[in-house]
Structure formats: C-alpha cells, structure tokens
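One-based numbering, in listed order, for ligands and for the atoms of each.
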Amino acid sequence: MGFSCGLVGLPNAGKSTLFNALTAGHAEVAGYPFTTIAPHVGVVPVPDPRLDALARGVGPERVTPTTLEFVDIAGLVKGASQGAGLGNQFLGHIREVDLIAHVVRCFQDGEVAHVEGEPAPARDMTLVNVELALADLETVRRSVARLEKAVRAGEPGREGLALCHRLAEGLERGVPARALVGPEAQAGLRELHLLTGRPMLYVANVGEADLTGPGPLLQEAQAQARDEGTSLVAIAAKLEAELATLPAPERQEYLEVAGLKESGLHQLVRLGYDLLGLVTFFTLTGKKEVRAWTVPRGTRAAQAGGRVHSDFERGFIKAEVIAWEAFLRAGSEHAAREEGAMRLEGREYEVHDGDVIHFRFHA
Ligand SMILES: Nc1nc2c(ncn2[C@@H]2O[C@H](COP(=O)(O)OP(=O)(O)OP(=O)(O)O)[C@@H](O)[C@H]2O)c(=O)[nH]1
Ligand SMILES: [Mg+2]
C-alpha cells in the first residue's frame, strides 16, 4: 500500500464530500453536523501517469497500481478532547494512519451550518489543532503515569518519561508533537501513536470560484498554513465528488473546464508521497503484469525485492534497473537489455523513484 490518510476537521467542513471525491465512494453527506458517525474506510488505486505509460508500452494482461487508504471520521468540535460532540471517540480510528489531512471549510454556503456560526479558516484551523493537541496531552499523561510506576519499580522507562514530559509541556501550549521532537526521538514518538505526531497537510475545501482566483477564505487559510510551515492543497470537494462517478476522460475534461490540471486525488498523492518520503518502482512480469510498488526513500534493492516476494530478498543476486523513460525509449525489456541500457545493481543499491526493476534471484 502507498499510505493511509485520515481526514479530520470541523463538522460540515466537507470531509465526507472529500472522501467521496477521492474514493468515488458513497459516504453519507448532509448539511447538518455529525452526519458521519461510524468511520468510513476507502481504498483507492494511486493514479500514476508513469504506470499508464508503461502499460501502453508493454500491453500487459494486468496493470496493478499501488493503493491508498482514506479514513473519514466524525467532525471535531471545541471541547472534543473533553468529550464534546462525537469526534473524540473516533480519533482512535486515525491513530494508526500515516498522514493526517486536515479539512478546512473555505466555501460559503448559507444552507450549510457552521458550528461556530460562520467559516473563519484561521480560527477553525487553530480550533481543530488545539483539540488534537489536547487529545494527545491525555495520551501522554496516561503514559507518564504508567512510566513513573515502571521507573519506581526499577524497570526501564526513564528515556520515555523524559520524552513524555517534554511533549506534555509543549502540547499544553497547543504545539503539535511533530514540532517538539527531533529525529533522535522519532521512534519513541511513534510508539505513543499521537495524532499530532503524524505529518499533516491542510485540504482547503473551496468553492468553484476559488479555482480560478483564490477568494478571501482560501487566502486566509493559505496565510495561516504558510505561517505554520504546513502544506496546503485547495480542492473543490463538492465539484470533484460530483465528477468522481464519471468515466476518466470525461472527468478530466470537466476538471480542465473548471480550471484544474489535475484532480484533488493527484494533488494529495504527490504531496503525500513527498511529505512521507515515499518513492515508486515498477516491475514487469513479461506480458502478464505491469505493477507499481511504494517504498520509503532510501530502500535498498534487496529490501525492495522482499516487498515483491520474500525469495527475491533471501536469494537476491542482482537487480537489473532502468529508469521508466529509458525503458519506454528502448521499447521492451529485451531491447533495453540488448542495448545495455539496463544496469546491474547490487543489494545495497538505493531504489530511485521511477525505476523499473527486474530482480535476479536463486530460489
Ligand atoms: N457549497 C458547497 N457545499 C459543500 C462543499 N463541500 C461540502 N459541502 C456541503 O456541506 C455539507 C457537509 O458536508 P459533509 O461532507 O457531510 O461534511 P463533514 O465534514 O463530513 O461533516 P460531519 O460528518 O458532520 O463531520 C453537505 O451539505 C455538503 O454538500 C463545497 O465545496 N461547496
Ligand atoms: Mg462526514
């Protein structure tokens, strides 16, 4: 799988609408808060023009993209960490995701209620961030209590305790955990499963007019994101949800008419891979299958082989590697090999984004 992504935000921010746009699914959408009660989980293929090009070049029986998982939960409100609304009890469903997409309402619509009266992106973003930090503070305090007991009993836990104290002090001020610890404590941080310990991006849910020129609400959200140093993508969720059920070529045409070069899903995928440090490599099985795989940047050839088949790692001999464009220029695996365009790489070779890899192994 590529990665999993949890959607958070105020009620009526458009999370379920975005979920439907991304998954072409059918989460229930309505103009009253707390429409979503049980979480929705959707798995979608990762759109990748390189995989499409390889498939056109090879003409295989099967094309297998990697996948993404989206989790849509109930909206969060002020006081959620103290049990207000429904959001808090569902935060558990997104503790395991790789990436948090924080949906911010940047569309105007008098028919759609707002829990704070009117949309005000900067305030709304802070409100949700504070609730996430407070929910994490609860988690950290529970860990502190547990670790103090362990340390008193002479068990290990001193390091974890020091980390928790540092986190608690920052979270109390509303600072997200991801901004509180350096690379040295990432492993300890992951063990705590904190919501603000995950990478986060903002999805500004905009009206159609914002696609041609950002209106005041989108501008406010952009300014706030810039101040925080957080990435933001603008997506017209309602429009894209309506288009999601159309066949791909027609959908693309409508997107272009609306002033968009690529769909919200494309944008999220690119940013998500970038934020999470992920790369894609491709395998070909003769004319049978062209397939995309996602691995963390820095993955070695043998490990990458292990993702495809455990024998590829155990019996790894060499990886024959060629960049996807070079492969297409050569026309086929056979031609690429004849031309000497496929490099032979050892087990420590670092897989590059866009590599086409043929693993040589002994069974
Ligand atoms: N005008 C307009 N309405 C939108 C847009 N996005 C969502 N809506 C409407 O806003 C309402 C709420 O959308 P949902 O997707 O259900 O919101 P949610 O964030 O999932 O809400 P909860 O599940 O209650 O937390 C629905 O009536 C949507 O049709 C948009 O971009 N423009
Ligand atoms: Mg919803």
Side-chain angles (χ1 to χ4, degrees), residues 5-42 70-81 83-94 97 100-121 124-125 127-129 131-132 135 195 201-222 232-245 254-255 258-260 263-265 267-268:
C5 179
L7 306 181
V8 302
L10 293 180
N12 274 358
K15 299 176 296 299
S16 298
T17 307
L18 177 68
F19 178 87
N20 286 344
L22 297 170
T23 61
H26 303 284
E28 196 180 340
V29 172
Y32 45 87
F34 302 125
T35 309
T36 304
I37 297 179
H40 302 279
V41 179
F70 289 102
V71 186
D72 172 32
I73 59 166
L76 286 172
V77 288
K78 197 186 278 174
S81 52
L86 294 166
N88 205 33
Q89 51 181 305
F90 296 108
L91 287 175
H93 294 287
I94 56 162
V97 297
I100 302 243
H102 178 162
V103 182
V104 186
R105 173 165 165 184
C106 293
F107 66 86
Q108 296 277 17
D109 188 336
E111 300 291 301
V112 180
H114 189 291
V115 280
E116 298 289 321
E118 284 288 321
D124 293 352
M125 290 153 99
L127 198 159
V128 169
N129 286 333
E131 287 308 321
L132 294 173
L195 299 158
L201 55 80
Y202 289 113
V203 175
N205 181 15
V206 298
E208 275 177 60
D210 292 293
L211 297 177
T212 37
L217 293 180
L218 174 55
Q219 284 179 27
E220 183 181 329
Q222 284 169 331
L232 177 146
V233 284
I235 299 180
K238 195 173 175 188
L239 169 74
E240 292 210 25
E242 283 159 10
L243 299 183
T245 49
Y254 276 103
L255 284 175
L260 280 171
S263 69
L265 179 60
Q267 294 188 64
L268 263 186

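To the nearest 0.5 Å, atom CD of residue Glu242 and atom OH of residue Tyr254 are 11.0 Å apart.
None of the N, O or S atoms belonging to Thr17 lies under 2.8 Å away from the Mg ion (ligand 2).
With hydrogens and angles ignored, the 3.5 Å screen pairs no side-chain donor or acceptor of Asn20 with any backbone N or O of Thr17. Formation of a donor-acceptor pair under 3.5 Å by the Asn205 side chain with backbone atoms of Cys106 is not found in this model. Judged by distance alone, with hydrogens and angles left aside, the side-chain atoms of Glu240 form a donor-acceptor pair with the main-chain N or O of Gly264 at under 3.5 Å.
With sequence neighbours left out, Glu116 forms a salt bridge (charged side-chain N to carboxylate O under 4.0 Å, His left out) with Lys78. Scanning for side chain to side chain donor-acceptor pair (under 3.5 Å) contacts around Asn129 gives His102, Tyr202, with sequence neighbours left out.
One option in Leu239, Asp109, Asp210 has a heavy atom closer to atom 1 (N) of ligand 1 than any other, and that option is Asp109. With distances taken over non-hydrogen atoms, the option nearest atom 20 (O) of ligand 1 out of Ser16, Gly207, Ala237 is Ser16.
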- Under the side-chain contact (heavy atoms from CB on, under 4.5 Å) rule, what do Asn12 and Leu10 come out as? Steps first, then yes or no, please. CA-CA 6 Å; Asn12 274 358; Leu10 293 180; over 6 Å; no
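Proximity of Val206 to ligand 1 is established by a heavy-atom distance of less than 4.0 Å. Contact between Leu10 and ligand 1 is present, with at least one heavy atom of the residue lying under 4.0 Å from the ligand.
Every atom of ligand 1 with a heavy atom of Pro11 under 4.0 Å away is listed here by number and element: 21 (O), 25 (O). Counting the atoms of ligand 1 from 1 in the order shown, those under 4.0 Å from a heavy atom of Lys15 are 15 (O), 17 (O), 18 (P), 19 (O), 20 (O), 21 (O), 22 (P), 25 (O).
At least one N or O atom of Gly75 sits closer than 3.5 Å to an N or O atom of ligand 1. No N or O atom of Ala236 sits closer than 3.5 Å to an N or O atom of ligand 1. Taking distance alone, with nitrogen or oxygen atoms compared against 3.5 Å, Asn205 approaches ligand 1 more closely than that limit. Any N or O atom pair closer than 3.5 Å counts here, and Gln108 shares no such pair with ligand 1.
Within the 4.0 Å heavy-atom criterion, the part of Val112 lying near ligand 1 is the side chain and not the backbone.
With respect to Phe19, the side chain to side chain contact (heavy atoms under 4.5 Å, CB included) criterion is satisfied by exactly one of Val103, Val71, Ile73, Asp72: Asp72.
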